Participant: 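Submitted below is the structure of interest, expressed as structure tokens.
In this text, all values refer to a predicted model and were calculated from it rather than measured experimentally.
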Amino acid sequence: MIQIFLEAKTPDAMLIIERAARTCHASIANSGTNPYFIQALLKLGHLSILEHVSVSFRVLGVSRALSHQLVRHRHLSFSQESQRHVEPKFYYVIPKSIEKDKKTKEIYKDCLKEIQAAYIHLIKLGVPKEDARFLLPNAIETKLYVTGNLRAWLEFFKQRLDKSAQWEIRDLSKALWLWLSHEYPDIFNKIVLGNIPVRDYDV
């Protein structure tokens with residue numbers, strides 16, 4: 001089961017965003033965290049002002065299959081639980097399409113048990129964990145620490161909240177978006193409604 005925990009966030013985020021925006025428009029003296037001013041610029045595609053605010057999350061209960069997709073978002077930063085130095089606990093993510101049927105679930109779990117037994121056997125035979133881990137499947141759970149500025153999160157949601165995204169990373173996206181849209185409603189509620197274009201205003 002996916003769990004997310006807030007680890008860190010930039011203080012005074014909206015003030016920082018507005019001061020960055022007013023610096024661009026030579027109106028810093030009028031600073032006062034006006035959401036309408038910020039929204040107007042975002043609708044024009046002026047997204048660089050979001051890069052001055054970052055949020056970090058700890059993510060638990062996701063599969064290695066998800067993490068392989070997640071690291072493609074190169075504007076986010078990641079730290080992931082090691083399979084070389086950390087003893088695996090053999091917790092697995094089971095897709096709903098497999099879990100809903102008794103037969104498919106049985107096949108899935110039997111295969112995972114065989115992999116687990118083989119991994120343990122190799123370790124007992126003296127194979128290093130860094131080599132035995134080659135057996136470990138995408139289904140095994142992992143832990144991640146993820147940091148991104150608000151523009152990076154915006155672009156992540158644009159791709160991973162889409163109905164064409166794979167179900168697990170879409171579930172993670174929904175959980176992260178719920179937190180960010182509550183914390184920064186003037187930014188993320190509008191983004192999900194599709195009112196803000198993803199393009200570089202500054203180029």
Participant: What residues form a side-chain contact (heavy atoms from CB on, under 4.5 Å) with His121, not counting sequence neighbours?
Facilitator: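 Once residues adjacent in sequence are excluded, the partners of His121 under the side-chain contact (heavy atoms from CB on, under 4.5 Å) criterion are Leu125.
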Participant: Using salt bridge (charged side-chain N to carboxylate O under 4.0 Å, His left out), reason through Arg151 and Glu155 one step at a time and then give a plain yes or no.
Facilitator: CA-CA 6 Å; Arg151 182 177 185 172; Glu155 293 174 349; 3.4 Å; yes
Participant: Return a table of donor-acceptor pairs under 3.5 angstrom between the side chains of residues 88-101 and protein atoms on other chains or two or more places apart.
Facilitator:
from   : atom 1 : to     : atom 2 : distance (Å)
Asp101 : OD2    : Lys103 : N      : 3.1
Asp101 : OD2    : Thr104 : N      : 3.0

Participant: Determine which pairs satisfy salt bridge (charged side-chain N to carboxylate O under 4.0 Å, His left out) with at least one residue from residues 111-124, sequence neighbours left out, and list them in order.
Facilitator: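 Every pair satisfying salt bridge (charged side-chain N to carboxylate O under 4.0 Å, His left out) with a residue in residues 111-124: there are none.
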Participant: Could you pull out all residues at least two apart from Glu183 that satisfy salt bridge (charged side-chain N to carboxylate O under 4.0 Å, His left out)?
Facilitator: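 Salt bridge (charged side-chain N to carboxylate O under 4.0 Å, His left out) check on Glu183 returns Lys9.
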Participant: Less than 6.0 Å separating the ring centroids of Phe188 and Trp153?
Facilitator: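 No: the rings miss the under 6.0 Å criterion.
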Participant: Below 4.5 Å, heavy atoms only, C-beta onward: do Ile38 and Asp186 meet side chain to side chain?
Facilitator: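 Ile38 does not reach Asp186 side chain to side chain.
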Participant: His52 vs Arg19, test: side chain to side chain donor-acceptor pair (under 3.5 Å). Steps then yes/no.
Facilitator: CA-CA 10 Å; His52 302 288; Arg19 288 178 70 86; over 6 Å; no
Participant: Looking at every non-hydrogen atom in both residues, tell me the closest pair between Leu136 and Tyr119 and how far apart they are.
Facilitator: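 Closest pair (atom of Leu136, atom of Tyr119, distance): CD2-CD1, 3.8 Å.
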Participant: My understanding is that only residues two or more places apart in sequence, or in another chain, count here; which of them pass side-chain contact (heavy atoms from CB on, under 4.5 Å) with Leu122?
Facilitator: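 Residues passing side-chain contact (heavy atoms from CB on, under 4.5 Å) with Leu122: Val127, Ala132, Leu135.
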Participant: Donor-acceptor pairs are to be reported for all side-chain atoms of residues 167-174 against protein atoms at under 3.5 Å, with residues two or more places apart or in another chain.
Facilitator:
from   : atom 1 : to     : atom 2 : distance (Å)
Glu168 : OE1    : Ser63  : OG     : 2.6
Glu168 : OE2    : Ser63  : N      : 2.9
Glu168 : OE2    : Ser63  : OG     : 3.4
Arg170 : NH1    : Lys163 : O      : 3.3
Arg170 : NH1    : Ala165 : O      : 2.4
Ser173 : OG     : Ile169 : O      : 2.8

Participant: Would you call Tyr184 and Met14 a side-chain contact if the rule is heavy atoms closer than 4.5 Å?
Facilitator: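 Yes, their side chains come closer than 4.5 Å.
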Participant: When you look at NZ of Lys129, are more than 12 heavy atoms from neighbouring residues, nucleotides or ligands closer to it than 6.0 Å?
Facilitator: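 Above 12, so yes.
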Participant: Specify the closest pair of heavy atoms between Trp179 and Leu6, including all atoms of both residues, with the distance to one decimal.
Facilitator: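 In terms of heavy atoms, the two residues are closest at CZ2-CD2, 3.2 Å.
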Participant: Using the test side chain to side chain donor-acceptor pair (under 3.5 Å), find all partners of Ser67 that sit at least two apart in sequence or belong to another chain.
Facilitator: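 For Ser67, the residues satisfying side chain to side chain donor-acceptor pair (under 3.5 Å) (neighbours in sequence not counted) are Gln80.
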Participant: Suppose we screen for side-chain contact (heavy atoms from CB on, under 4.5 Å). Which residues come up paired with Gln3, at least two apart in sequence or across chains?
Facilitator: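 For Gln3 the side-chain contact (heavy atoms from CB on, under 4.5 Å) partners, ignoring immediate neighbours, are Phe5, Leu60.
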Participant: Show, in sequence, the C-alpha distance, side-chain angles and deciding distance for Thr147 and Ser56, and conclude whether the side chain to side chain donor-acceptor pair (under 3.5 Å) test is met.
Facilitator: CA-CA 4 Å; Thr147 299; Ser56 300; 2.6 Å; yes
Participant: If you round to the nearest 0.5 Å, how far is CD of Gln159 from CG of Leu154?
Facilitator: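 The CG atom of Leu154 sits 10.5 Å away from the CD atom of Gln159.
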Participant: Assigning hydrophobic clusters by single linkage (Ile, Leu, Val, Met, Phe, Trp, Tyr; side-chain heavy-atom cutoff under 4.5 Å), is Phe157 placed with Ile2?
Facilitator: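 Yes, one cluster joins them.
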Participant: Not counting sequence neighbours, which residues clear salt bridge (charged side-chain N to carboxylate O under 4.0 Å, His left out) with Arg84? List them please.
Facilitator: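 With sequence neighbours excluded, Arg84 shows a salt bridge (charged side-chain N to carboxylate O under 4.0 Å, His left out) to Glu130, given in chain and number order.
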Participant: Can you see which heavy atom on Leu76 is nearest to which on Gly148, and at what distance?
Facilitator: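 Nearest heavy atoms, Leu76 then Gly148: CD2-CA, 3.6 Å.
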Participant: Give the intermediate values and the outcome of side chain to side chain contact (heavy atoms under 4.5 Å, CB included) for residues Leu70 and Val146.
Facilitator: CA-CA 10 Å; Leu70 196 58; Val146 187; 4.2 Å; yes
Participant: Once side chain to side chain donor-acceptor pair (under 3.5 Å) is applied, do any residues pair with Gln166, and if so which ones, sequence neighbours excluded?
Facilitator: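 Gln166 satisfies side chain to side chain donor-acceptor pair (under 3.5 Å) with Gln69 once adjacent residues are dropped.
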Participant: Would you call Asn149 and His75 a side-chain contact if the rule is heavy atoms closer than 4.5 Å?
Facilitator: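 Asn149 does not reach His75 side chain to side chain.
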Participant: Can you measure from CZ (Arg160) to CG (Leu66) and round to the nearest 0.5 angstrom?
Facilitator: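 One gets 8.0 Å once the value is rounded to the nearest 0.5 Å.
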Participant: Is there a side-chain contact between Arg58 and Ile4 (heavy atoms, below 4.5 Å)?
Facilitator: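 In short, these two side chains do not touch, never coming nearer than 4.5 Å.
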Participant: What's the verdict on side chain to side chain contact (heavy atoms under 4.5 Å, CB included) for Phe57 and Glu7, showing C-alpha distance, side-chain angles and the deciding distance?
Facilitator: CA-CA 5 Å; Phe57 295 98; Glu7 292 290 309; 5.8 Å; no
Participant: Run the side chain to side chain donor-acceptor pair (under 3.5 Å) test against Asn138 and tell me which residues pass, sequence neighbours left out.
Facilitator: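 His68.
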Participant: Go through the structure and list residues passing side chain to side chain donor-acceptor pair (under 3.5 Å) with Asp162, not counting sequence neighbours.
Facilitator: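 Ser164.
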Participant: Verify, without hydrogens or angle tests, whether Thr10 (side chain) and Ala13 (backbone) share a donor-acceptor contact under 3.5 angstrom.
Facilitator: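 Looks like no, no N/O pair under 3.5 Å.
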Participant: Under a 4.5 Å side-chain heavy-atom rule over Ile, Leu, Val, Met, Phe, Trp and Tyr, are Val62 and Tyr145 clustered together?
Facilitator: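 In one cluster: no.
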Participant: With rounding to the nearest 0.5 angstrom, report the CD1 to NZ distance, Ile107 to Lys102.
Facilitator: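 One finds 12.5 Å between CD1 of Ile107 and NZ of Lys102.
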Participant: Do Leu42 and Ile49 have side chains that approach each other closer than 4.5 Å (heavy atoms only, starting at C-beta)?
Facilitator: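 Yes. Closest side-chain heavy atoms under 4.5 Å.
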Participant: Would you give the length of the straight line joining atom CD of Gln83 to atom CZ of Arg133, rounded to the nearest 0.5 angstrom?
Facilitator: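 The distance works out to 7.0 Å.
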Participant: Any heavy-atom pair between the side chains of Trp177 and Asn189 that's under 4.5 Å?
Facilitator: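 The answer is yes; the side chains approach within 4.5 Å.
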Participant: Is there a path from Val86 to Val59 through hydrophobic residues (I, L, V, M, F, W, Y) whose side chains come within less than 4.5 Å of each other?
Facilitator: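 Different hydrophobic clusters.
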Participant: Nearest 0.5 Å, please: how far is OG in Ser181 from CD1 in Ile187?
Facilitator: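 The distance works out to 11.5 Å.
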Participant: Determine, using the 4.5 Å side-chain heavy-atom cutoff (strictly less than), whether Leu180 and Ile16 are members of one ILVMFWY cluster.
Facilitator: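 As far as the 4.5 Å side-chain criterion goes, Ile16 and Leu180 are connected within one cluster.
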